[in-house]
Structures are given as C-alpha cells and as structure tokens.
Amino acid sequence: MMKGMTAEQKAEMARKFTEAIPHCKALGMVLEKLEDGEAIMSMPYDEKLIGDPRTGVIHGGAVSALLDTCCGSAVMSHPKAPAITATIDLRIDYMRSATPGQKITAKATCYHVTRSVAFVRAVALDEDEGRPVATATGAFTADGDPKRRSTEISNDITDDVSEGGAA
Amino acid sequence: MTPPPKHKRPEPVEVVKHRRDVALAGLVGGVPYVQFLGIQVERHGDELTAILPFDEKLIGNPMLPAIHGGVTAAFLETAAVIQLSWSTLWEDMESGALDPSTLGPEHMPYLPKTIDFSIDYLRSGLPRDAYARARVVRQGRRYASVHVEAWQDQRGKLYAQATGHFLMPSP
C-alpha cells in the first residue's frame with residue numbers, strides 16, 4: 001500500500017507525522033528539508049534546554065532528541081522504507097559543547113534500507129558549521145509487513161494525508 | 001579530666017539524611033533541562049532511582065502513543081550524569097569536605113561531560129512513568145563508563161538500556 005504513494009506524498013506524510021509530535025513541538029523543532037532519505041531539522045536555543053547552568057550550554061539530551069527525530073524523519077522519507085519507524089539503537093558522539101544562544105541544526109541521511117532495517121547517520125551543527133557539535137549513527141525498524149501493527153498506523157496517516165489534499 | 005572518646009559517636013540520622021538530600025537536590029534542581037523533562041530522583045542510602053513521570057509533551061508517536069525516543073535518550077543520559085556526579089561527590093560529602101548547601105545552579109563542580117552515549121531501544125515507551133538506574137562500571141581519573149537500565153511497569157522488563165562514556169571534570 002505504501003508502494004502506491006508518490007515520493008511527494010510520502011514526504012508530505014513524514015512531514016505531517018513529524019510536526020504532529022508533541023515533544024518536537026515542545027522543543028520548537030522545525031523540519032527544514034525532507035526528501036528521499038535526507039532530513040534537515042533545527043531547534044532554536046532556549047533556556048529550558050540548558051544542561052550546565054554556569055555556562056548556558058544546552059543539555060546533551062536535547063541534542064539527542066533532535067538527532068533521534070531527524071534520523072527517524074530521514075527513514076520515513078526514504079523511498080524504500082515504510083512510512084513509519086522506530087529506533088532500534090542510536091549512538092551519539094559529542095565533539096564539543098554547542099555555543100550558547102545558537103540554533104542547533106541536524107542533518108540526517110538514511111543511507112541503506114533492507115527488508116527490516118534502515119541505517120542512518122546524522123550530524124548536529126550550531127552556527128559554526130565547520131565544527132560539528134555531535135554525530136549520530138542509528139538503526140531503525142523498516143518493517144513493511146502489512147500484518148504488522150505499524151502498518152495499520154501508517155494507513156491512518158495515509159488517510160490523514162489524502163484528506164489534507166497532499167495529492 | 002575525662003579522656004577523649006576512642007570512637008566518634010555516629011552522626012544523628014536526620015543530619016546524615018538532610019546532608020545527602022540537600023546535595024542531591026542541588027544536582028537535580030540546578031539543571032533547567034532536567035526540570036523541563038520533569039525528572040525526579042529518589043534516594044535510598046547511596047542508591048538513586050531516576051523517575052520520569054509521564055506527560056503529554058514527552059510523546060513521540062501520537063498514534064500509539066509512545067514516549068519519544070529522544071526523551072528516552074535524554075532521560076537515560078540524565079540518569080547516568082546524575083549517578084556519576086553523585087558517586088564523585090559522595091566521599092567529599094560524607095567526610096564533610098563539601099558543604100552540600102553550596103551546590104546549585106551557580107556552583108556545579110561535579111558535572112561530567114558526555115563523550116558518547118549509545119542507546120538500545122528494547123520496547124516502545126508506553127504512556128506511563130519510567131524509571132532508570134545507572135551503574136558506574138569504571139571511573140578513572142579522566143574517563144568514566146556508565147551503564148543505565150530503564151523500565152516502566154515491570155523492573156524485569158527493560159524498555160531501554162544505554163552505555164555512555166564521560167569526561168570527568170578537572171579538579
């Protein structure tokens with residue numbers, strides 16, 4: 001059923017799904033680009049994200065949340081992956097502290113999809129794009145079996161998208 | 001003249017508990033992001049359990065609904081950092097070298113930095129409270145390795161686990 005969708009429909013569906021996530025709204029995440037397994041997502045600096053009150057540096061956990069969401073979106077937008085996914089594992093390497101006051105941007109690439117797993121890598125940057133803040137690598141579910149519950153869920157989203165007139 | 005007692009009398013339990021609770025409150029309450037997620041920490045002796053009470057804003061999949069994977073990552077990382085800081089300050093706190101009332105937003109001398117964090121998602125996070133306990137597997141002068149386990153309704157059924165490496169603050 002997912003195979004019947006165009007790339008545009010699928011990207012639109014992934015966008016709607018991402019923007020409906022309460023936690024992403026709470027962190028002010030914005031999906032800036034989404035197509036064919038590539039996602040760019042940003043998160044503005046906010047005092048509630050601070051992890052070290054002395055310096056104002058945001059908590060690693062907030063960066064992880066952005067990277068996880070961005071990786072998941074990249075998977076959902078991949079032409080070969082089903083439109084719904086869950087994280088199997090995610091490893092995050094922190095290169096340096098994000099500069100306080102700056103927006104964080106995550107760029108994720110879903111670079112390989114098998115019948116059951118999608119592989120993703122991502123990088124988190126602040127305004128100094130030459131020096132990454134963090135990188136991530138992850139494996140996500142890519143279960144296209146129509147008997148699975150995840151596909152029932154994606155059917156629900158498909159309905160939403162068609163009602164929204166994305167086609 | 002009475003000779004000085006051979007053994008120091010143990011401190012009253014209220015004094016000991018108060019000191020530990022104040023130190024822990026300093027570690028947990030001083031971090032805005034920990035407050036934003038609503039994470040609480042319970043203490044039994046030196047054992048800590050981090051609690052993430054369920055809240056609407058933690059949802060990552062509105063259809064299921066399930067806790068956001070990023071929230072789970074943040075929760076586990078927070079539990080690991082708090083446990084590591086707690087283990088580090090324990091001796092100074094117990095010996096009286098550290099005045100716990102000085103811990104707070106302006107003074108957090110024991111915060112380690114995350115080098116890497118690897119999360120294993122075992123089940124989807126249900127719309128329920130989550131709990132986490134971290135264990136400092138190895139702590140050297142410079143680096144530490146911490147393992148965290150998280151569960152929801154049943155202690156034996158983990159919903160996530162993680163291992164992280166941390167850079168210890170320079171003395």
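Everything numeric here is computed off the predicted structure, so don't read it as measured data. Lettering follows sequence order; numbering is per chain, from 1.
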Exercise for the section: Give a yes or no on whether a salt bridge exists between B/Glu94 and B/Arg20, defined as a side-chain N under 4.0 angstrom from a carboxylate O. Expected result: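 Yes, this pair counts.
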
With respect to chain B, which residue among [options] yields the maximal number of heavy-atom pairs within a distance under 4.5 Å?
options	result
A/Ala86, A/Ala62, A/Ser64	A/Ala62
A/Arg91, A/Lys25, A/Met95	A/Arg91
A/Asp93, A/Leu90, A/Asp89	A/Leu90
A/Ala65, A/Ser97, A/Cys24	A/Ala65
A/Ile92, A/Leu27, A/Val63	A/Ile92

Problem - side chain to side chain donor-acceptor pair (under 3.5 Å) evaluation trace for A/Asp128 with A/Thr99 - result: CA-CA 9 Å; A/Asp128 181 0; A/Thr99 306; over 6 Å; no

Handout entry: B/Tyr131 six-ring centre to B/Arg155 NZ/CZ under 6.0 Å and within 45° of normal
Key = no

Practice task
Could you tell me which of B/Ala66, B/Ser118, B/Ser124, B/Ala74 has the largest number of non-hydrogen atom pairs under 4.5 Å with chain A?
Solution key: B/Ser118

Problem - Residue selection (most heavy-atom pairs with chain A, distance under 4.5 Å) from B/Gly164, B/Pro65, B/Gly69 - result: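 Option with the top pair count is B/Gly69.
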
Exercise for the section: Check each of A/Glu32, A/Glu129, A/Glu127 against A/Lys103 using the salt bridge (charged side-chain N to carboxylate O under 4.0 Å, His left out) test, and report the only one that passes. Expected result: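 So, applying the salt bridge (charged side-chain N to carboxylate O under 4.0 Å, His left out) to A/Lys103 and each of A/Glu32, A/Glu129, A/Glu127, only A/Glu32 qualifies.
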
Problem - Which portion of A/Thr137 sits near chain B, non-hydrogen atoms under 4.5 angstrom - result: neither

Exercise for the section: Under 4.5 Å heavy-atom distance to chain A, tell me which part of B/Leu37 shows up: side chain, backbone, both or neither. Expected result: side chain

Handout entry: Under 4.5 Å from any heavy atom of chain A - which part of B/Ile115
Key = backbone

Handout entry: Polar side chain donor-acceptor pair, B/Thr114 to B/Glu77, under 3.5 angstrom
Key = yes

Practice task
Check whether any side-chain N or O of B/Asp129 sits under 3.5 Å from a backbone N or O of B/Phe54 as a donor-acceptor pair, and report yes or no.
Solution key: yes

Practice task
Would you check if the side chain of A/Gln102 reaches a backbone N or O of A/Asp126 as a donor-acceptor pair within less than 3.5 Å?
Solution key: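 Pair absent, no side-chain N/O of A/Gln102 close to backbone of A/Asp126.
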
